A.B. asks: 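Before I ask anything, here is the structure I am working with.
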2 protein chains.
Amino acid sequence: MTTLSDIAREAGVSVSAVSRVLSNAEGTRVSEGTRARIHRVAKDLNYRPNFAARALKFQRTAVLACIVPDLTNAMFSELVRGVESCAREHDYTVLLSRAEVMLELDAALARLLGEGRVDGVIVQTLDATDPAALDALSDAKMPVVFVNTVHPHHAGSVILDDHRGAATATQHLIDLGHQRIGFIGGLAAAGSARRRLEGFADTMASVGLIVDPEWVTAMGYRPADGMAALGSVMDAGVRPTALVIANVNAAMGALLEARRRGWSVPQQLSVAAIHDSWPAENTWPPLTTVKMPFYELGREAVKSVIARISQDDGIDLVVGSPAPELIVRESSAPPLAD
Amino acid sequence: MTTLSDIAREAGVSVSAVSRVLSNAEGTRVSEGTRARIHRVAKDLNYRPNFAARALKFQRTAVLACIVPDLTNAMFSELVRGVESCAREHDYTVLLSRAEVMLELDAALARLLGEGRVDGVIVQTLDATDPAALDALSDAKMPVVFVNTVHPHHAGSVILDDHRGAATATQHLIDLGHQRIGFIGGLAAAGSARRRLEGFADTMASVGLIVDPEWVTAMGYRPADGMAALGSVMDAGVRPTALVIANVNAAMGALLEARRRGWSVPQQLSVAAIHDSWPAENTWPPLTTVKMPFYELGREAVKSVIARISQDDGIDLVVGSPAPELIVRESSAPPLAD
DNA sequence: GGAGTGGGTCCGCTTGCTTAT
DNA sequence: GATAAGCAAGCGGACCCACTC
């Protein structure tokens, strides 16, 4: 490793001169010759400022951590892309981390923030996480921003317009002519799941459609949850002709289960899912989805942590733009005439 | 932030006493009372050793970077899981990073290793990457290990037994009674793609089956590549009755294209893919796959970097155990009688 | 007196050496 | 001569404050 003093020795100048030249400090008075020589030697020796030394000096790492429960999830990777792009613009580096359960989150926060490895953290919790559990790790002053979770005693959340996303999906099915529409939702503990359910229910109510409680489930977002939910809904006395599914992964499971049970989509059952991701294009039939602005969510999350880092106050924010976008594929169609 | 001197002041002892007690240095002679007091104060003040200071002192971060081209890819997340588990066992932390193209990889390596942010790097390159391009960033002594790519002038690669994986998939289709079997492969530049093709070809040859060149493609591993490849193969004069597809994502695209063209799988066309991932269970029909030991690959990669870090010599290694595992789902079946 | 330099301190932590019982 | 503790240097970099023409 090359250090400033290596360069200083080689160039025959003092360490402070090298430091000033290479960090381009303002008001630096160094002759052109010396400056050029320092630059040349630095280049020859392939100098790179030592990260630890800078971090120690500045008490600042210019690193942001982004913790997600599951990297496999294509939605999260949109989020991560947004985080990375915005972080780069603000000269931050992103450290990605995985924390599947609360315990891991707690430990990760302690290590990352407590040991000064990062300046701020963006946390996407599992949908199943009880917000109250976050209290334990919520020094309200910590530069932590939660994504898609509003934290009771911690201002600083960035969430999607779940209500509108669900409404968009629901309206699409209504526009196709469906009247018996069901909702396959996430676990009731999650705020985002509640908001989506409300978006569905409000839209149905606004056009005077009745929702049979048998058509509504709250089992979760995994494919297996979607399979179970579909079974439950389709065993109802009167079957729905269409379903809003609150998550694309659950929708994939539901499609598979529909196949297994011999229900053809979209002829006998239309499906519209919230969230888009590449696997949605590759299911059979390809899924109609409502694409939520995860990329922008990631960007806003970064702005929010940075604000917290510099001013240590946070705000809660709903990312409403771009609006949830309906992507019509082949899993939704008008209902068969009765 | 709490520092050692905060604790020292509070406990009325010297900084060095605190350091020795908290780091549990051997041969430390500190009275029980002092020791207890230091521990209590440290706990009260919620002390955590500063990462930057330690890194600066030790010239060592205990962090390993893992660079992948695409986090969405479910296969990589198996790899990452393996990396994390093994890293944890060796008291390393993992920093995940994304680098889609060579330029980014180069920059990432410079930042991570050059600035001393990490002690070693595990790189999973894109399948499309030309190994020769890696030369540029290959100080052969750098603590870098490549996964699934053998690097010409850089011993230190960990790869899968691609030949055997392809052979397993091929043999499965042969066992079902297929004779006209095609191969949808990855880009020819990638060594792993070549090894899989050889595994396919060798297995076919070993049972005396002929491979029509029209049944073999090398378009890549994305779903769109699989769609194009399926079209090309099924336009052949004599059509195959089964396909080995070198990657599960390409297989998803191929399944979709088969649907679109009205070829029913597995009745008219059997499909077996290399690699397993959760979306493979949720396609229609669910995909028959050969699960490759990505988790173990990740673990071996960690052992390999650690060896490089401490001894700075590397070895090339094939992870052959557990063996590629055939997972029979519904996309493969005996051929229709002619 | 301003242009061009170098010296020295500190960031938090570890550790060999010293000092005081 | 043990035992218990403190001093101080130094990891690499930044920057304030000299100092010299």
Side-chain angles (χ1 to χ4, degrees), chain A residues 1-39 41-42 45-63 91 111-119, chain B residues 1-39 41-42 45-63 91 111-119:
Chain A
M1 189 190 47
T2 307
T3 70
L4 287 185
S5 63
D6 292 335
I7 299 176
R9 195 176 339 100
E10 188 74 16
V13 293
S14 73
V15 172
S16 43
V18 178
S19 172
R20 272 183 295 237
V21 168
L22 293 184
S23 62
N24 224 335
E26 54 193 308
T28 303
R29 296 178 304 255
V30 177
S31 68
E32 268 317 310
T34 309
R35 186 182 295 269
R37 190 151 31 96
I38 288 173
H39 272 125
V41 174
L45 266 43
N46 195 24
Y47 171 76
R48 299 200 181 268
N50 182 273
F51 169 71
R54 291 181 81 108
L56 181 57
K57 180 70 186 173
F58 291 132
Q59 300 289 63
R60 180 167 180 290
T61 60
V63 176
D91 294 316
R111 237 177 9 86
L112 295 173
L113 244 22
E115 298 180 9
R117 288 168 186 260
V118 303
D119 297 338
Chain B
M1 187 191 47
T2 307
T3 70
L4 286 185
S5 65
D6 293 334
I7 299 176
R9 195 177 339 99
E10 188 76 16
V13 293
S14 74
V15 172
S16 49
V18 178
S19 170
R20 272 187 270 252
V21 167
L22 293 183
S23 61
N24 225 335
E26 54 192 306
T28 305
R29 289 182 301 264
V30 177
S31 67
E32 267 318 309
T34 310
R35 185 181 296 267
R37 189 151 30 96
I38 289 173
H39 273 125
V41 175
L45 267 43
N46 194 26
Y47 171 77
R48 296 200 183 269
N50 182 273
F51 170 70
R54 291 181 83 108
L56 182 58
K57 181 69 187 173
F58 291 130
Q59 302 288 65
R60 180 167 181 290
T61 59
V63 176
D91 294 316
R111 238 180 4 88
L112 295 173
L113 244 21
E115 297 180 11
R117 288 168 187 260
V118 303
D119 297 340

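None of these values were measured; they are calculated from a predicted model. Letters A, B, ... are given to chains in the order of the sequence lines, protein chains preceding strands, and every chain is numbered from 1. Computation of the quantities below employed the complete heavy-atom set of this structure, encompassing side-chain atoms and omitting hydrogens, waters and symmetry-equivalent molecules.
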A.B. asks: Counting the atoms with a prime plus P, OP1 and OP2 as sugar-phosphate, which does S31(B) contact under 4.0 Å by heavy atoms, base, sugar-phosphate, or nothing?
C.D. replies: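 Sugar-phosphate contact only - S31(B) comes under 4.0 Å of backbone atoms but never of a base.
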A.B. asks: If you compare all heavy atoms of M1(A) against all heavy atoms of D6(A), which two are closest, and at what distance to 0.1 Å?
C.D. replies: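 Looks like O-OD2, 3.5 Å.
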A.B. asks: What's the spacing between I38(B) CD1 and S19(B) OG if we round to 0.5 Å?
C.D. replies: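 Those atoms lie 9.5 Å apart.
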A.B. asks: Take the protein atom CD1 of I7(A) and the nucleotide atom C1' of dG12(D), then report the distance between them rounded to whole Å.
C.D. replies: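 Those two atoms, CD1 and C1', are 11 Å apart.
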A.B. asks: Find the distance N50(B):CG to dG13(D):C1' and express it as a whole number of Å.
C.D. replies: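 Roughly 15 Å, once rounded to whole Å.
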A.B. asks: For a quick test of reading the model: is some side-chain N or O of R54(A) closer than 4.0 Å to OP1 or OP2 of dA14(D)?
C.D. replies: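 For dA14(D), OP1 or OP2 has a side-chain N or O of R54(A) closer than 4.0 Å.
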A.B. asks: Please name the pair of heavy atoms, one in G116(A) and one in T61(A), separated by the smallest distance, quoted to 0.1 Å.
C.D. replies: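 Distance-wise, the nearest heavy atoms are O-CG2, 3.3 Å.
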A.B. asks: Could you go through V41(B) and V18(B), starting from their C-alpha distance and side-chain angles, then the distance that decides it, and tell me whether this counts as side chain to side chain contact (heavy atoms under 4.5 Å, CB included)?
C.D. replies: CA-CA 10 Å; V41(B) 175; V18(B) 178; over 6 Å; no
A.B. asks: Evaluate I7(A) against E10(A) for side chain to side chain contact (heavy atoms under 4.5 Å, CB included), listing each step before the verdict.
C.D. replies: CA-CA 5 Å; I7(A) 299 176; E10(A) 188 74 16; 5.7 Å; no
A.B. asks: What about R20(A), does its side chain sit under 3.5 Å from the base of dG13(D) through a donor-acceptor pair?
C.D. replies: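 Answer no: no donor N or O sits under 3.5 Å from an acceptor.
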A.B. asks: Could you tell me which non-hydrogen atom of R54(A) sits nearest to which non-hydrogen atom of P49(A), and how far apart they are?
C.D. replies: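 Scanning both residues completely, I find the closest heavy atoms to be NH1-CB, 3.5 Å.
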A.B. asks: Check whether any side-chain nitrogen or oxygen of S16(B) sits under 4.0 Å from OP1 or OP2 of dA5(D), and answer yes or no.
C.D. replies: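 Checking dA5(D) against S16(B), no side-chain N or O comes under 4.0 Å of OP1 or OP2.
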A.B. asks: Measure the distance from CD on E115(B) to C1' on dG12(D) and round it to the nearest whole Å.
C.D. replies: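 It is 13 Å, rounded to the nearest whole Å.
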A.B. asks: Which two nucleotides bound the region of DNA chain C that has atoms under 4.0 Å from heavy atoms of chain A, read 5' to 3'?
C.D. replies: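 Going 5' to 3' along DNA chain C, contacts run dA3(C) to dG12(C).
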A.B. asks: Rounding to an integer number of Å, can you tell me how far E32(B) CD sits from dT3(D) C1'?
C.D. replies: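 After rounding, the reported distance stands at 13 Å.
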A.B. asks: Between L56(A) and N50(B), does the side chain to side chain contact (heavy atoms under 4.5 Å, CB included) criterion hold? Intermediate values first, please.
C.D. replies: CA-CA 8 Å; L56(A) 181 57; N50(B) 182 273; 4.2 Å; yes
A.B. asks: How far apart are the closest heavy atoms of A55(B) and A52(A), and which atoms are they?
C.D. replies: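 Nearest pair, atom of A55(B) first, then A52(A): CB-CB, 3.7 Å.
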A.B. asks: Counting Watson-Crick and G-U wobble pairs whose two distances are both under 3.5 Å, find the runs of 3 or more in a row that involve DNA chain C.
C.D. replies: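 Result, WC/G-U stems under 3.5 Å: C:2-21 with D:2-21.
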A.B. asks: Grab the NZ-P distance between K57(B) and dA9(D) for me, whole Å please.
C.D. replies: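 Whole-Å distance recorded here is 12 Å.
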A.B. asks: Rounded off to whole Å, could you give me the CZ-to-C1' distance for the R9(B) and dG6(D) pair?
C.D. replies: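 Answer to the nearest Å: 17 Å.
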A.B. asks: Please figure out whether G12(B) or P49(A) has its closest DNA chain D nucleotide nearer the 5' end.
C.D. replies: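 Result of the comparison: G12(B).
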A.B. asks: Rounding to an integer number of Å, can you tell me how far F51(A) CZ sits from dA14(D) C1'?
C.D. replies: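 Between C1' of dA14(D) and CZ of F51(A): 16 Å.
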A.B. asks: Which part of the nucleic acid, if any, lies within reach of T34(A) when heavy atoms closer than 4.0 Å are counted: base, sugar-phosphate only, or nothing?
C.D. replies: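 If one applies the 4.0 Å heavy-atom cut-off, T34(A) turns out to touch the sugar-phosphate alone, with no base involved.
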A.B. asks: Which is true for V15(A) with a 4.0 Å heavy-atom rule: it touches a base, it touches only sugar-phosphate, or it touches nothing?
C.D. replies: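 Answer is nothing: V15(A) stays at 4.0 Å or more from every strand.
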A.B. asks: If you define the side chain from C-beta out and look only at heavy atoms, does anything of L22(A) sit under 4.5 Å from L4(A)?
C.D. replies: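 Yes, at least one pair of side-chain atoms sits under 4.5 Å.
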A.B. asks: So what does S19(B) hit on the nucleic acid, given a heavy-atom distance under 4.0 Å: a base, only sugar-phosphate, or nothing?
C.D. replies: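 Touches a base.
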A.B. asks: So which atom in V63(A) and which in R117(B) form the shortest heavy-atom distance, rounded to 0.1 Å?
C.D. replies: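 Heavy-atom minimum between the residues: CG2-NH1, 3.5 Å.
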A.B. asks: Round to a whole Å and report the spacing from CD1 of I38(B) to C1' of dG6(D).
C.D. replies: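 So the two atoms are 12 Å apart, to the nearest Å.
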